[in-house]
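Single-structure report; data block below.
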Number of protein chains: 2
Amino acid sequence: MIDLNKFNDIYLQLEAAILEKKYLPGELLPSENELSKQFQASRETIRKALALLLENGYIQKQQGKGSIVLDVNRFVFPVAGLTSFKELQESQKMPSQTIVTKNQTGPISKPLMERLHLPKETQVISLERVRKIQGEAVILDYDFLLADVISDIPNEVAEDSIYDYIENDLGLTISYAQKEITVEPVTKQDKELLDLNGDSHVVVVRSDVYMQDTTLFQYTESRHRMDKFRFVEFARRKQV
Amino acid sequence: MIDLNKFNDIYLQLEAAILEKKYLPGELLPSENELSKQFQASRETIRKALALLLENGYIQKQQGKGSIVLDVNRFVFPVAGLTSFKELQESQKMPSQTIVTKNQTGPISKPLMERLHLPKETQVISLERVRKIQGEAVILDYDFLLADVISDIPNEVAEDSIYDYIENDLGLTISYAQKEITVEPVTKQDKELLDLNGDSHVVVVRSDVYMQDTTLFQYTESRHRMDKFRFVEFARRKQV
DNA sequence: CAGTGGTCTAGACCACCAC
DNA sequence: TGGTGGTCTAGACCACTGC
């Protein structure tokens, strides 16, 4: 019941209440003062919990009126916030399989060196993985991890989730990423490793991933068959 | 100098200082207590300003250490937060042109009715626009706006920015959107209106846009030539 | 250990909405 | 006018970092 943070705990309770339809879409949540009494918390703490609900698209606030519960049937495919293949796959519950086609440590390649502004002595772990969904090879993942941060990745881990391993087993904290989505012509390797059905292009998602201390530690390139790619985002308009 | 909100004002000042390289990437900002004195504000107010810097990728915070300034050369193409073609175009400074090929009001179409769960009596404004960049037709935009919220869109507005018009001229507040990015086979109309060079697919960005009072008021479908599409995002890992 | 950020509080004043 | 959310404060205690 009790979480590390009071406001996070309150957030989780309110989220659960909304998902259980104790508050229906279009209805108002109790006022901040009311919640303040209910949860035995100060109003600022309640407001922090509500800020999380707002950010995640559960409510919309209106001054003078209250917090309106939004319709959350849209929660099909939340790809915001660094979601990895493993997390996607879990939320999708699709039968899937990962084949590790490469897992080796060596000096950094020149293009990667230039892209990430790293010295040429840098050692990197290179991963290459093919993701199959329902028997079809539809995603090709390249990962490059700095070897001085992560010494090596066991193959069993590469078949599962490297994030899980890094965060839970190694105790490192991944903090943020810079992502880019483009559509590019297929390469020879795409044709070899993916079931492309003659497609001319693939969707390419590139990410630079950083640790909490702001050091770069991973570069990922994820190449998706066009028809299997979908990106969904809940975006709030910047209020200037 | 003085903004509506103190914390927003402080945020803007710190943002400017970072952009002007008064604080360099890798350096620490002054501590919260220090900033508190500098700006004559309470620490919580400073923290709100820092939260904005954090959210927008200017800094990374570390408990016990401080706020580290990040490298913001990545500020090439911020597409987060409901960015429209007009805003993109301004940030890109590319020579571009919009051709309005349709602008009419009428009853809602059946597919749209089903998608948005609206009654069949609903009147909508239908816009169709072709966006040219450097002389090439590369984006096809369909917009459907609820006619009871927006009475009509003058053609001059459609050629420019409908968001500007809605927010500044009509005084309405756009609040949030649900966006989806997919890659789909080209339609007959794509072929007719865009310069596709034989491409088989286009990138499709669909958005449902909502007002501050949570009413839906716009559906947009934006169809991009593959090679002209790029989506960049700064994502923070969800801290559980 | 001192200094940093992270959380939480109780109270104040303001802007907005509905009646 | 009373209730709502939005902002701001001064102060407290805790957890983490670095020396």
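Residue numbers start from 1 in every chain, and the chains themselves are labelled A, B, ... in the order their sequence lines are given, proteins ahead of strands. These numbers come from a predicted model, not from an experiment.
Between C:dA10, C:dT4, D:dG6, one nucleotide has an atom nearer to the side chain of A:Ser42 than all others, and that is C:dA10. Distance from the side chain of B:Ala41 is smallest to D:dT9 among D:dG5, D:dT9, D:dC8. Distance from the side chain of B:Phe7 is smallest to D:dT7 among D:dT4, D:dT7, C:dA15. Here the nucleotide nearest the side chain of B:Glu44, chosen from D:dC8, C:dA15, C:dC8, is C:dC8.
In terms of phosphate contacts, A:Ser31 brings no side-chain nitrogen or oxygen within less than 4.0 Å of OP1 or OP2 of D:dG3. The phosphate of D:dG5 (OP1 or OP2) has no side-chain N or O of A:Arg47 nearer than 4.0 angstrom. Taking 4.0 angstrom as the limit, A:Lys6 places none of its side-chain polar atoms (N or O) nearer than this to OP1 or OP2 of C:dG6.
Here C:dT4 presents its P atom at 18 Å from CD of B:Gln60, a figure rounded to the nearest Å. As a whole-Å value, the separation of A:Leu35 CG from D:dG6 P is 13 Å. The CD atom of B:Glu34 sits 16 Å away from the C1' atom of C:dA2 (whole-angstrom rounding). One atom, NZ of B:Lys65, and another, P of C:dG5, lie 12 Å apart when rounded to the nearest Å. Atom CD of A:Gln63 and atom P of D:dT7 are 8 Å apart (whole Å). Rounded to whole angstrom, the span from the CG atom of A:Asn5 across to the P atom of D:dC14 amounts to 15 Å. Distance, B:Glu32 CD to C:dG3 C1': 12 Å, rounded to whole Å. Between the CZ atom of B:Arg43 and the P atom of D:dA10 there is a distance of 14 Å, given to the nearest Å.
Remark on DNA chain D: of its neighbouring residues B:Thr45 and B:Gln62, the 5'-side contact belongs to B:Thr45, judged by nearest-heavy-atom nucleotide. When the nearest nucleotides of DNA chain C are assigned to B:Lys61 and A:Gly64 by heavy-atom distance, the more 5′-ward of the two goes with B:Lys61.
Backbone-only engagement by A:Gln40 is indicated by non-hydrogen atom pairs under 4.0 Å involving sugar-phosphate atoms exclusively.
Classification of the A:Phe144-A:Tyr219 ring pair by plane angle, with boundaries at 30° and 60°, yields parallel.
Aromatic ring centroids of B:Phe231 and A:Phe231 lie under 6.0 Å apart.
Counting heavy atoms from C-beta outward, A:Ile10 and A:Thr45 have side chains that approach closer than 4.5 Å.
Between the side chain of A:Glu27 and the backbone N or O of A:Leu24 there is at least one donor-acceptor pair closer than 3.5 Å.
Residues B:Leu146 and B:Leu118 share a closest heavy-atom pair of CD2-CD1, 3.8 Å.
The partner of D:dT17 is C:dA2, judged by Watson-Crick or G-U wobble contacts that both fall below 3.5 Å.
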